[in-house]
*Asks:* 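Handing you a structure now.
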Amino acid sequence: MFAVQHLIETLVRDALTAAVDSGELTLSEMPEVTAERPRDVSHGDWATNVAMRASKAAGMPPRQVAEIVSARMSGHPDVAAVEIAGPGFINIRLSNAALQRVVVEARAKGLDFGRSEIGAGRRVQVEFVSANPVGPMHVGHGRWAALGDSLARLLGHVGYSVEREFYVNDQGVQMDVFAESVAARYLELAGREVVFPEEGYRGAYITDIAREILAEEGESWADVPAAERESYFKEKAYAQVLEHLKHVLSGMGVTFDVWFSERTLHAPGPDGAPSAIERALARLVEAGYIYEHEGATWFRSTDFGDDKDRVLKKADGSYTYFAADVAYHWNKLDERGFDLVIDIWGADHHGYVKRMEAGVAALGHPGKLHLVIGQLVNLFSNGEVVRMSKRTGEMVTFEDLLDEVGPDAARYFFLRRSTDQALDFDIALAKEQSSDNPVFYVQYAHARICSILRKAAGDPDADDVATFVAGLIPADADLSILTAEAELALFRKLAEFSEIVELAAAGYAPNKLTRYAEELAASFHQFYTVCKVVDPDAPELTVARLAVVDAIRTVLETVLGLLGVSAPQRM
RNA sequence: GCGCCCUUAGCUCAGUGGAUAGAGCGUCCGGCUACGAACCGGGAGGUCGCAGGUUCGAAUCCUGCAGGGCGCACCA
């Protein structure tokens, strides 16, 4: 709950009860009292629909109820006006003093402005990207990387203790195929006759890895048994790809606290103790959700709304991928004790949502897993669709994209759309480092402010304005002289920030932040056009407006920081 | 056939119960002898896919239909 919203709701509720107590209003039922922000600013800063909600219970038209309630909403210093409008809305306009106070608060809190404690220190894990370590990442991975990292920053800002994790699928047939593919290329390079595996990975990167092994170790591996060669190459190539993944991700500023290996779930514990998968399975047996059928071991996921039951242990004795996933989430929630676990999955995995939620519920942690399903990325270039395929070797990879458009534009573009919307990413457009690109619009506002501050300080070459703003602008600058429309509009936008942060965090929706950043930048640019900041003839006005632009600077830096985008002081 | 996501201005998209549905781009008109014009102001542009329902009120919730995307393994 935000201070101002709370204040308004209290004001309305008090007026309502006072009217009832005095007998002016008779209610068969007390309506819920809520305050909301009208979409249209001409309707005021806050509005309540309580008169419409109470209309039936009061047995009179909404506007009449509104008359009675609003008459009792006396002059609080933060409230400038109360009006009745439309079908019975009560519109409340904040006083200039209340709006000016937001600037003071933003300056006082600095980069902590907009922080909240709704997370209450609870431990949350965000697992994302988790690309298979057998090849380069596609652009969809880039989207999950930007999304997961920004979500982690956002959750941290609202009081959660956050860990970022990458799940590495380093066990299974894909790893075998991967090893066979590298081995086949190695043999080719060594001049041996070889039939490339039917289902092998044909990307050029496989040959690159083989070439590197050949350069390092010579041709000696061509003459050892295939199993020995492939087993060695598997580890060698796996390590290389993993390093590559880390390298590309760090190129966009994304790092992980934990790289979790799937192998550890299959591995027996010390002294032959059961593996994590076996322990999780035993837990499900104990809870009564397991049965045997046609030689396989099944999980009764239909008890939790899944379409059909799922196999955990196949008839041949091996475990399914899903079994490892159940064990993995048991490890997260039970052994590591996270209060909340967020997995970001591509839309191509949405068919697994129900069974995963069923697994978590059966393990005794219902509701602690939140799956974010992100729609896929369609890559365009000059209006042409670019197909992505791990097999053709012709795909544009995440790395390629990052090299072309840079980390700031890539992140911003990835985050600008809601996650359940497919993303059309036009490389050619994103490459244009022009005003078409909204990230530059926002960054420009920040750089422009820094330029003003440098000018005001008489230090055009200063590297970092943060080092001198405190000395330049007193904390108790008198802001009451700031009453221009453009100024008040800017203060209103500033006041929305805490609200936007909480909404974005609660909805796992960083795209709300990109929108806000653009709106705040627009409000600033409008203010800048109308209001001269540095004016030697008006020292008090100059100080007050410097306080404003400095507050905006900090909030722009904060919101860009939550997106993982840089806030340059010059461009 | 079943499930999930999507359908809003010419284009790309915001908007999950409120008032005259918004933004960017594009288009047309206008604004620098003020601190960064990478900026700002204004105009034109809409059957919120279609049809019912719920209620004081629906782009938003429910049902059905149409169109597009993605999935429906003892694969990973």
Side-chain angles (χ1 to χ4, degrees), chain A residues 36 38-40 42-43 47-49 51-56 61-62 85-89 91 132 134 169 171-177 199 262 293-298 306-308 310-325 346-354 373-376 378 380 416-426 429 433-438 440-445 447-456 460 486 507 509 511-512 514-515 518-519 521-522 524-536 542 545-546 549 570-571:
Chain A
E36 64 184 35
R39 208 176 300 174
D40 186 339
S42 71
H43 295 139
T48 179
N49 59 2
M52 280 112 87
R53 282 171 179 267
S55 171
K56 222 174 206 175
F89 288 101
N91 293 336
N132 290 331
V134 297
N169 298 122
Q171 170 139 0
V173 300
Q174 64 181 356
M175 288 294 285
D176 298 336
V177 172
E199 299 295 321
E262 181 188 349
H293 178 64
E294 292 181 347
T297 301
W298 295 72
D306 196 6
D307 301 334
K308 52 172 289 194
R310 305 293 173 177
V311 171
L312 291 175
K313 191 175 189 177
K314 296 182 253 180
D316 68 4
S318 65
Y319 290 102
T320 59
Y321 179 86
F322 178 55
D325 249 351
D348 53 339
H349 286 86
H350 74 258
Y352 300 85
V353 170
K354 275 188 181 165
I373 300 303
Q375 296 297 313
L376 303 174
N378 300 310
F380 290 83
R416 208 161 171 249
R417 299 285 173 252
S418 79
T419 55
D420 50 17
Q421 188 84 238
L423 176 68
D424 285 344
F425 198 122
D426 191 318
L429 182 69
Q433 309 240 324
S434 73
S435 58
D436 285 350
N437 192 336
F440 290 112
Y441 180 80
V442 177
Q443 289 179 319
Y444 177 64
R448 208 179 199 189
I449 288 171
C450 292
S451 175
I452 296 169
L453 292 170
R454 286 191 298 265
K455 182 186 172 76
N511 65 303
K512 290 184 192 299
T514 61
R515 188 168 196 81
E518 288 163 44
E519 288 171 358
F524 163 72
H525 287 309
Q526 286 154 17
F527 156 83
Y528 176 90
T529 310
V530 180
C531 301
K532 184 174 181 177
V533 178
V534 179
D535 183 354
T542 296
R545 285 181 172 163
L546 283 173
V549 298
R570 291 176 211 274
M571 296 174 72

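Residue numbering restarts at 1 for every chain, and letters A, B, ... go by the order of the sequence lines. Values below: every heavy atom of this structure, side chains too, minus hydrogens, waters and symmetry copies.
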*Asks:* Going by purine N1 to pyrimidine N3 plus the second Watson-Crick contact, or the G-U wobble pair, all under 3.5 Å, which nucleotide sits opposite B:C65?
*Replies:* B:G49
*Asks:* Pick the P atom in B:A66 and in B:C28, then give their distance to the nearest Å.
*Replies:* 42 Å
*Asks:* Decide yes or no, distance alone: a donor-acceptor N/O pair under 3.5 angstrom between the base of B:C75 and the side-chain of A:Y319.
*Replies:* no
*Asks:* Could you tell me whether the phosphate oxygens of B:A76, OP1 or OP2, come under 4.0 Å of any side-chain nitrogen or oxygen in A:T320?
*Replies:* no
*Asks:* B:G69, OP1 or OP2 - any side-chain N/O from A:Q421 closer than 4.0 Å?
*Replies:* no
*Asks:* To the nearest Å, how far apart are A:N132 CG and B:C75 C1'?
*Replies:* 12 Å
*Asks:* In whole angstroms, how far is the C1' atom of B:C4 from the NZ atom of A:K354?
*Replies:* 9 Å
*Asks:* Please tell me which of A:N91 and A:A522 maps to the more 5' nucleotide of RNA chain B, matching each residue to the nucleotide holding its nearest heavy atom.
*Replies:* A:N91
*Asks:* Across the strands shown, which category fits A:C531 at heavy-atom distances under 4.0 angstrom: base, sugar-phosphate, nothing?
*Replies:* base
*Asks:* Counting distance alone, no hydrogens or angles: does the base of B:A37 have a donor or acceptor under 3.5 Å from a partner atom on the side chain of A:Y444?
*Replies:* no
*Asks:* Considering only atom C1', compute the distance from B:C50 to B:G3 and round it to an integer number of Å.
*Replies:* 23 Å
*Asks:* Work out how far the P atom of B:G15 is from that of B:C29, and round it to whole angstrom.
*Replies:* 34 Å
*Asks:* Can you tell me, in whole Å, how much space there is between the P of B:C75 and that of B:G67?
*Replies:* 35 Å
*Asks:* Would you kindly compare A:K455 and A:Q174 by the position of their nearest RNA chain B nucleotide and give the one closer to the 5′ end?
*Replies:* A:K455
*Asks:* Mind calculating the distance between CG (A:D420) and P (B:U8) to the nearest angstrom?
*Replies:* 14 Å
*Asks:* Would you mind classifying the nucleic acid contact of A:K512 as base, sugar-phosphate or nothing, using non-hydrogen atoms under 4.0 angstrom?
*Replies:* sugar-phosphate
*Asks:* Counting distance alone, no hydrogens or angles: does the base of B:G18 have a donor or acceptor under 3.5 Å from a partner atom on the side chain of A:N49?
*Replies:* yes
*Asks:* Could you give the distance separating B:U60 and B:C6 at their P atoms, to the nearest angstrom?
*Replies:* 13 Å
*Asks:* Which class fits the ring pair A:Y444 and A:H525: parallel under 30°, tilted 30 to 60°, perpendicular over 60°?
*Replies:* parallel
*Asks:* Please examine the side chains of A:Y319 and A:T297, heavy atoms only from C-beta on, and report whether any two atoms are closer than 4.5 Å.
*Replies:* no
